[in-house]
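Data first, discussion second: the structure below is written as structure tokens.
Only heavy atoms go into these numbers, but all of them, side chains included; no hydrogens, no water, no symmetry mates.
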Amino acid sequence: MRLEITKKADLALKAVFELDHAAGLVKGADLAGTIGTTIPFIAQVMKPLVVKGWVASEPGPTGGYRLDTDTSEISLLDLIEAVEGPTVDGSCVLRGTPCPVTEYCALHDAWCRARDALLAELANTKISDVEEGVHS
């Protein structure tokens, strides 16, 4: 597990914030401009959110994106993993490959506790919690 998120996850969170405050559909080009990305990249950012069913995508000249799930139902961990994939990949923080069961690295236990605490915090923090801090 790495201790960073990509620009794609950051843009996905910003897109959810914007859609949460939008009245109706938001065109992809408008959303891209608002959150600071390109029109081609917005589709890549939004696809995992559409697949999860959190965002509806309506094609065509009158189409766009609409948030279909309350932000209090989506955790930060859910969003990050939807966009970036699983956060726990079994890799050792020192080796980059899994620690052998018979030969854990020196940081194994401490790292696992810290990782689990971080993931629990992200799982318990809903997008609406973060959004309130951003927009208050």
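A donor-acceptor pair is defined here as one N or O able to donate and one able to accept, closer than 3.5 Å; such a pair exists between the side chain of Lys27 and the backbone of Pro61. The backbone N or O of Glu121 lies less than 3.5 Å from no partner atom in the side chain of Asn124, so there is not a single donor-acceptor pair. In terms of modelled atom types and a separation under 3.5 Å, the side chain of Glu84 and the main chain of Thr6 share a donor-acceptor contact.
For the atom pair OG1 of Thr34 and CG of Asp30, the computed distance is 6.5 Å after rounding to the nearest 0.5 Å. To the nearest 0.5 Å, atom CD1 of residue Ile42 and atom OH of residue Tyr65 are 6.5 Å apart. Leu31 CG to Leu25 CG: the interatomic distance, rounded to the nearest 0.5 Å, is 11.5 Å. Ile127 contributes atom CD1, which lies 5.5 Å from atom CG of Leu13 (distance to the nearest 0.5 angstrom). Of the inter-residue distances, the one linking Trp54 atom CH2 with Leu67 atom CG reads 10.5 Å to the nearest 0.5 angstrom. Separating the NZ atom in Lys7 from the OG1 atom in Thr37 is a distance of 7.5 Å, to the nearest 0.5 Å.
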Checklist line | side-chain contact (heavy atoms from CB on, under 4.5 Å) assessment of Leu49 paired with Leu79 | finding: CA-CA 8 Å; Leu49 307 180; Leu79 181 110; 3.8 Å; yes

Margin query: Is there a side-chain contact (heavy atoms from CB on, under 4.5 Å) between Val26 and Arg66? Walk through the geometry before answering.
Written below: CA-CA 7 Å; Val26 178; Arg66 176 185 67 249; over 6 Å; no

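Hydrophobic clustering of Ile, Leu, Val, Met, Phe, Trp and Tyr side chains at less than 4.5 Å, counting indirect connections, unites Ile74 with Leu118. Residues Val88 and Leu76 share a single hydrophobic cluster, defined by chaining ILVMFWY side chains whose heavy atoms lie under 4.5 Å apart. Using a 4.5 Å cut-off between side-chain heavy atoms of Ile, Leu, Val, Met, Phe, Trp and Tyr, with links allowed through other members, Val83 and Phe41 fall into the same hydrophobic cluster. Note on Val55 and Ile39: separate hydrophobic clusters, where clusters join Ile, Leu, Val, Met, Phe, Trp and Tyr whose side-chain heavy atoms are under 4.5 Å apart, directly or indirectly.
Checked for salt-bridge contact, Asp10 and Lys14 meet the test: a charged N lies under 4.0 Å from a carboxylate O.
Counting non-hydrogen atoms of other residues, nucleotides and ligands closer than 6.0 Å to NZ of Lys126 gives a total above 12. More than 12 heavy atoms of other shown residues, nucleotides or ligands fall within 6.0 angstrom of atom NZ in Lys8.
Minimum interatomic distance between Pro48 and Val45 (heavy atoms only, all atoms of both residues): CD-O, 3.4 Å. Here the closest non-hydrogen pair linking Leu11 and Gly36 is CD2-O, 4.4 Å. Across Ser128 and Ser72, no two heavy atoms sit closer than the pair OG-CA, 3.3 Å.
Donor-acceptor pairing under 3.5 Å is recorded for the side chains of Glu81 and Thr87.
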